[in-house]
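Down below is the structure, laid out as structure tokens.
Below, chains carry the letters A, B, ... as their sequence lines are ordered, and counting in each starts from 1. Everything quoted here is computed from the prediction, not taken from an experiment.
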There are 2 protein chains.
Amino acid sequence: MSGPGALEPLDQAIVRELSADGRRSFTDLAERVGLSVSAVHQRVRRLEQRGVIRGYTTRLDGEQIGLPLTALISLTPNDPAAPDDYPQRLEHITEIESCYSVAGDESYILLVRVASPLALEDLLRRIREAARVSTRTTVVLSTPFEGRTPPL
Amino acid sequence: MSGPGALEPLDQAIVRELSADGRRSFTDLAERVGLSVSAVHQRVRRLEQRGVIRGYTTRLDGEQIGLPLTALISLTPNDPAAPDDYPQRLEHITEIESCYSVAGDESYILLVRVASPLALEDLLRRIREAARVSTRTTVVLSTPFEGRTPPL
DNA sequence: AGTGAAATACTCAGTTA
DNA sequence: TAACTGAGTATTTCACT
């Protein structure tokens, strides 16, 4: 089992490069990590298969794509005895970018992006109805930085 | 000014595709959005230049890269009269993946990834020292989903 | 992990609507 | 202004060493 804890130095380097620029070419990667193109290619494919690399995304400017309002929403179950299927109940709500199950006063924290305060109000209503929860919302005023490369 | 609010349908489609898979080829994109390869190429370059597309990243499995512990940290300034240069003071701390300035009781919320509880303890000490803040930490137990494609 | 070669894809002219 | 065509490069991908 090549489980958690560590990544080989070469895989580490590859993952770091791809994290910094997900569209880096194999040729480019090969030069940076000091391997042949095909060796890098093989390692990337293996990292994808192992699930170390879960996929590739694009960092978008919320304002420019028409979703200028970001918020963090804490969820508290209305019925503490209800089965914990909240993620399933929330999955279909596309405004929810991320869903974290957390320790502490609340059960879940969601990160959402919407077009306007009105859209946020509607989203909150849908979340409460879908998951039978009460919500506490923290509006994001600005995002100094986001999605930086992890310390590998 | 091609400001916020909306994106042309074609750009929208391109951005949606790239958000779902940041390594999609121009050829692939062209087919999906119904344009020639060079037209897509040009639009993507323009989206990058306009800052709609901020860059490309890789979704990584925290466990497998040796950073199994995620936490959300709320920051409250020790000296409310101090100048607000917190992001600058925190920028060099690479464990901080995202930094949000928020409305509400706290000033900032950070998303961090570390290797262990001990590493979290050390990180909190460094954050408090660097930014002169007190912290409230919420540990993430699991992540049902994260970084999903926004509703374009 | 590396080599080499075939298949794809990228990129940039110049051209057209 | 935006998109297309085509041709030369570059990259990806795979069988083999």
Side-chain angles (χ1 to χ4, degrees), chain A residues 1-67 147 149-150 152, chain B residues 1-61 64-66 147 149-152:
Chain A
M1 163 165 51
S2 63
L7 225 48
E8 272 187 80
L10 279 170
D11 285 339
Q12 215 170 84
I14 289 170
V15 161
R16 183 169 43 237
E17 292 299 332
L18 281 176
S19 179
D21 179 358
R23 277 185 86 83
R24 208 145 263 172
S25 72
F26 291 107
T27 310
D28 194 350
L29 287 174
E31 281 176 15
R32 289 169 185 263
V33 308
L35 281 178
S36 70
V37 174
S38 66
V40 170
H41 190 262
Q42 204 170 42
R43 277 175 183 267
V44 171
R45 290 289 171 259
R46 214 198 299 284
L47 288 165
E48 288 169 354
Q49 283 190 326
R50 280 202 286 155
V52 178
I53 292 176
R54 293 248 258 260
Y56 304 91
T57 359
T58 298
R59 281 193 289 258
L60 299 171
D61 183 313
E63 313 254 336
Q64 297 212 57
I65 60 171
L67 300 171
T149 296
L152 293 162
Chain B
M1 167 164 44
S2 62
L7 225 48
E8 269 188 83
L10 280 170
D11 285 338
Q12 216 170 83
I14 290 170
V15 160
R16 184 170 42 236
E17 292 300 332
L18 282 176
S19 179
D21 179 359
R23 276 183 87 81
R24 207 146 263 172
S25 72
F26 289 108
T27 307
D28 194 352
L29 286 173
E31 280 176 16
R32 288 168 186 264
V33 307
L35 280 178
S36 71
V37 174
S38 65
V40 171
H41 190 262
Q42 202 170 42
R43 276 175 183 268
V44 171
R45 291 284 170 264
R46 216 198 302 283
L47 288 165
E48 289 169 354
Q49 283 191 323
R50 279 203 285 156
V52 178
I53 292 177
R54 294 245 258 256
Y56 305 91
T57 0
T58 299
R59 279 193 291 258
L60 299 171
D61 182 314
Q64 297 212 56
I65 60 171
T149 298
L152 294 162

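- For dC10(C), one of the phosphate oxygens OP1 or OP2 lies less than 4.0 angstrom from a side-chain nitrogen or oxygen of Thr27(B).
- Here the side chain of Ser36(B) is nearest to one of dT12(D), dA3(D), dA2(D), namely dA3(D).
- Taking a cutoff of 4.0 Å between a charged side-chain nitrogen and a carboxylate oxygen, Asp11(A) and Arg50(A) qualify as a salt bridge.
- Counting heavy-atom neighbours within 6.0 Å of Arg45(B) CZ, excluding the residue itself, gives a total above 12.
- Nearest approach of Leu60(B) to Pro150(A), heavy atoms of both residues: CD1-CG, 4.0 Å.
- Within 4.0 Å (heavy atoms only), Ser38(A) reaches at least one base atom of the nucleic acid.
- One can place CD of Gln42(B) at 15 Å from P of dC10(C), the figure rounded to the nearest angstrom.
- If you check dT12(D), dT11(C), dG2(C) against the side chain of Phe26(B), the one that comes closest is dT11(C).
- If you take CD of Glu31(A) and P of dT12(D), they are 12 Å apart, rounded to a whole angstrom.
- Taking atom CD on Glu48(A) and atom C1' on dT12(D), their separation rounds to 13 Å, with Å as the unit.
- Atom CZ in Arg23(B) sits roughly 10 Å away from atom C1' in dT12(D) (whole-Å rounding).
- Residue Arg24(A) is out of contact with every strand shown, counting any heavy-atom pair closer than 4.0 Å.
- For His41(A) and dT13(D), the shortest distance from a side-chain N or O to OP1 or OP2 is below 4.0 Å.
- Residues Arg23(B) and Leu18(A) are in side-chain contact: their nearest non-hydrogen atoms beyond the backbone lie under 4.5 Å apart.
- Ranking dA3(D), dA1(C), dT11(C) by closeness to the Ala39(A) side chain, first place goes to dA1(C).
- The nearest whole Å value for the distance from the CZ atom in Arg32(A) to the P atom in dT11(D) is 13 Å.
- Here Leu10(B) lies in heavy-atom contact (under 4.0 Å) with sugar-phosphate atoms only.
- The shortest distance between the side-chain N/O atoms of Arg45(A) and the OP1/OP2 oxygens of dT12(D) is not below 4.0 Å.
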